[in-house]
Each structure stands twice: as structure tokens, then as C-alpha cells.
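Both ligands and their constituent atoms are indexed starting at 1 by order of listing. This structure is a prediction, so every number in the text was calculated from the model and none was measured. All values below come from the heavy atoms of this structure, side chains included, with hydrogens, waters and symmetry mates left out. Residues take their numbers from the sequence shown, with the count starting at 1.
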Amino acid sequence: MNSGASAIDLRSDTVTTPTQAMREVMARAEVGDDVLGDEPTVIRLQEKAANLLGKADSVYVPSGTMANLCGICSQTRHGEEIIAHNESHFYFYETGGFAAVAGCSVRFVPGRRGIFGPDVVEANVRPQQIHYPRTSLVIIENTHNRGGGAVWKVEQVKAVCDQAHEMGLRVHMDGARLLNACIAAGVDPTAYTKYVDTVSMCFSKGLGAPVGSVLAGDEETIQTAHHFRKMLGGTMRQSGVIASAAIYALDHHVTRLADDHANAKAFAQLIAQVPGITLDVSEVETNMVFFDVDPKWGPAKKFVRRLEKEGVRMFATGPQRLRAVFHLEVSAEQAKRAAEIIAGALQQTPA
Ligand SMILES: *Cc1c(COP(=O)(O)O)cnc(C)c1O
């Protein structure tokens with residue numbers, strides 16, 4: 001159904017295509033007009049997501065990028081500063097919308113694998129003097145993408161949020177893969193989200209819906225987010241057709257995320273033994289595996305092209321670094337096969 005179906009596609013969990021059952025639900029979706037506020041399926045999804053995330057309300061948006069941007073716009077003013085890790089997705093991959101649209105600057109805090117503590121938040125909030133921008137928002141990412149799919153502990157989220165709130169800041173969680181974090185940590189989403197003011201979550205990654213994300217929070221903030229969604233062109237008329245896929249995904253594709261984690265771990269264990277690969281298996285907590293290939297085999301980009309020819313697709317995320325992401329279109333068998341192909345490529349003479 002999808003192009004290049006024979007390749008094992010580990011570039012991202014966004015490559016998943018809707019299943020036949022999901023398409024059938026989409027074909028039957030009851031629809032209205034979401035700009036006029038009477039899209040029954042979108043309303044149903046927003047209620048379901050708010051409920052899952054333990055928030056008063058939520059807003060359905062076309063992408064995770066827009067969910068984060070609406071979250072930022074709704075909780076900051078132009079000229080204010082956001083505290084975040086420098087490897088954050090919203091900073092790294094979302095075209096600088098925090099600056100271009102929300103008019104904010106970012107102050108970086110250090111932390112291993114994207115996770116930081118309350119001490120660095122406290123140290124980086126600007127004093128209230130005429131010289132400084134006002135710090136208004138902290139953004140945490142769970143799981144942390146460039147941190148290797150790293151999972152925040154509930155206590156770590158609580159500590160950062162308590163510190164931020166004590167200093168009058170708000171906290172947004174980029175939870176594009178929040179449900180992966182919940183499966184890995186063995187907790188309900190609310191265990192995390194009860195501490196944050198807003199949370200975004202993607203339906204189009206491991207959950208397997210074709211598009212869409214959600215931003216959840218208190219009523220007033222989500223009302224403001226509705227305004228920014230419209231401004232950004234993200235309020236879509238008969239969007240029940242796609243929202244129905246997200247409802248289906250929440251009903252059918254959550255618990256199976258554990259399979260992706262198991263496949264990622266099995267793959268990591270296999271390739272960690274291959275000479276030429278550097279990988280700490282204990283850092284594989286969810287569905288993402290990051291590893292380094294020895295420069296002897298050339299830069300990561302070149303190694304990626306070589307693997308592509310052998311039927312495995314991945315991304316290079318650094319000079320020697322590769323990323324493999326597991327999802328509902330990759331079986332345990334294919335995870336093993338992908339590891340064998342990598343091992344095979346590294347047994348050949350370095351090209
Ligand atoms: C994928 C992702 C997003 C949003 O991406 P979109 O492609 O806009 O849906 C946001 N945050 C993280 C951590 C992500 O991995």
C-alpha cells in the first residue's frame with residue numbers, strides 16, 4: 001500500500017500508514033464544521049484526549065509542531081523567555097516558531113539525555129530587573145527524542161514543575177511520545193500531566209494515525225490556544241475524517257507500543273555486539289535506538305545510503321550517529337533482519 005513496502009523503514013514512527021480497520025472508521029466518520037465549532041468527531045476526540053491527559057480541555061491540531069507552538073503562544077508574550085534543553089524538538093526541528101511567531105527567546109539548561117533538574121531551572125530564571133527578559137515558561141520533552149527516547153521519571157517532572165510554579169512560571173510538556181513514556185514507566189499519563197500546565201501529544205507517530213496532535217490544559221489556556229490555532233490556519237472544517245483515526249488509535253494502538261519497545265531492545269542487543277558499533281543498550285528505554293558507527297566505515301550519511309541499498313532505511317542524526325525507530329509496521333522478525341543487515345554491512349571491507 002505504501003511506496004517501498006519491501007524496505008524495513010526505521011526512519012521514524014511517523015512513516016506508519018493507516019491500517020485497513022482505521023481507514024474503515026475514517027470512511028464512516030460523522031462530520032461537521034470545526035471552524036463553526038460543531039464537528040462532532042473532533043469534539044469527541046478532544047474530550048477523549050482531555051480525559052486521558054487529566055485536563056479540563058484539549059484542542060485538536062494538524063501537527064505536533066502546531067501543538068507546541070499553540071502551547072507557547074498561549075502561555076507567553078512577545079519578548080519573554082523560555083527555559084528548555086538545547087536538544088529540544090521545539091527548538092531544534094520546528095523552524096524557530098517560538099521566535100518567529102511567539103516572539104520568545106530560549107535560555108538553555110544542561111541535562112543528560114534531555115532531562116534536567118529543578119536546580120538548573122532555579123538558576124536560569126531571570127531576576128526581575130529592568131535589564132532582563134521575563135522568564136515565563138519551562139518546556140520539558142517526554143520521551144526526549146534527541147535524548148535517545150529517554151523517559152522522565154515522574155519525580156523528576158514533579159520536581160521541575162514544583163520549582164517552576166513556585167517561581168511563577170508555567171510548564172509545557174512536549175509529549176509527542178508521552179504514551180511511550182507511560183508504557184516504559186508503567187504509569188498512567190495523568191501521573192505526569194497532573195504537574196504540567198499544558199501537554200501536547202502526537203497521534204501520527206507510534207499511534208499510527210495519518211496526521212494530528214492534541215494540546216491539553218485548563219479551559220482558559222485551551223480557549224486561547226483555539227485562537228492561535230485559527231491564526232496559524234490549523235482549524236480545519238470536516239476534520240472528523242482524520243480525528244476519527246486518532247480516536248481509533250487511542251482505542252487500539254496504545255498497549256501495543258510495548259511491542260515496539262521490545263523490538264527496539266532486541267535490535268539494540270543484537271547490534272551492540274557488532275564490532276564497529278557503539279551503543280549502550282541500557283539507554284534504549286522506548287522505541288528509539290541511537291548508535292554510532294566507527295569512522296572506518298565512513299560518515300553516518302554514507303552508511304545510511306549503503307543500508308538503504310540493502311533494504312533498511314534509517315536517519316543519520318550526527319557525523320557518526322544513526323537513529324532507528326520501531327513502530328507498528330515493523331515486526332519482531334524485521335527488527336532482527338535489520339540487525340543482521342547492519343552486522344553484514346560491517347563485516348564487509350570498509351568502503
Ligand atoms: C515529532 C515530534 C514533534 C512534532 O512533530 P510534527 O512532525 O510536527 O508532528 C514534537 N516533539 C517531538 C519530541 C517530536 O518527536
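- Between Y248 and H253, a ring centre-to-centre spacing shorter than 6.0 Å is recorded.
- For R112 and E283, the salt-bridge test passes: some basic side-chain N is under 4.0 Å from an acidic carboxylate O.
- Only the side chain of N68 comes within 4.0 Å of ligand 1, judged by heavy-atom distances.
- Close approach of ligand 1 to E94 is summarised as follows: ligand atoms under 4.0 Å from at least one heavy atom of the residue are 3 (C), 10 (C), 11 (N).
- Protein heavy atom nearest atom 13 (C) of ligand 1, with residue, atom name and distance: E141 OE2, 3.2 Å.
- Annotation: E340, atom CD; neighbour count of heavy atoms from other residues, nucleotides and ligands within 6.0 Å is above 12.
- Residue-level proximity to ligand 1 for T65 is carried by backbone and side chain together, each with a heavy atom below 4.0 angstrom.
- With respect to H172, the side-chain hydrogen bond (donor to acceptor under 3.5 Å, both in side chains) criterion is satisfied by exactly one of T76, N68, D197: N68.
- Of the protein's non-hydrogen atoms, D174 OD2, 2.6 Å is the one closest to atom 11 (N) of ligand 1.
- Atoms CG and CG, from L178 and L52 in turn, are 8.0 Å apart once rounded to the nearest 0.5 Å.
- Comparing heavy-atom distances from atom 15 (O) of ligand 1 across R146, M288, K205 singles out K205 as nearest.
- No N or O atom of S204 sits closer than 3.5 Å to an N or O atom of ligand 1.
- For R177 and D260, the salt-bridge test fails: no basic side-chain N is under 4.0 Å from an acidic carboxylate O.
- Closest to atom 9 (O) of ligand 1 by heavy atom, among G149, G64, G212, is G64.
- Under 4.0 Å from ligand 1, not a single heavy atom of M66 appears.
- For E310, the CD atom is densely surrounded, since the number of other residues' heavy atoms within 6.0 Å is greater than 12.
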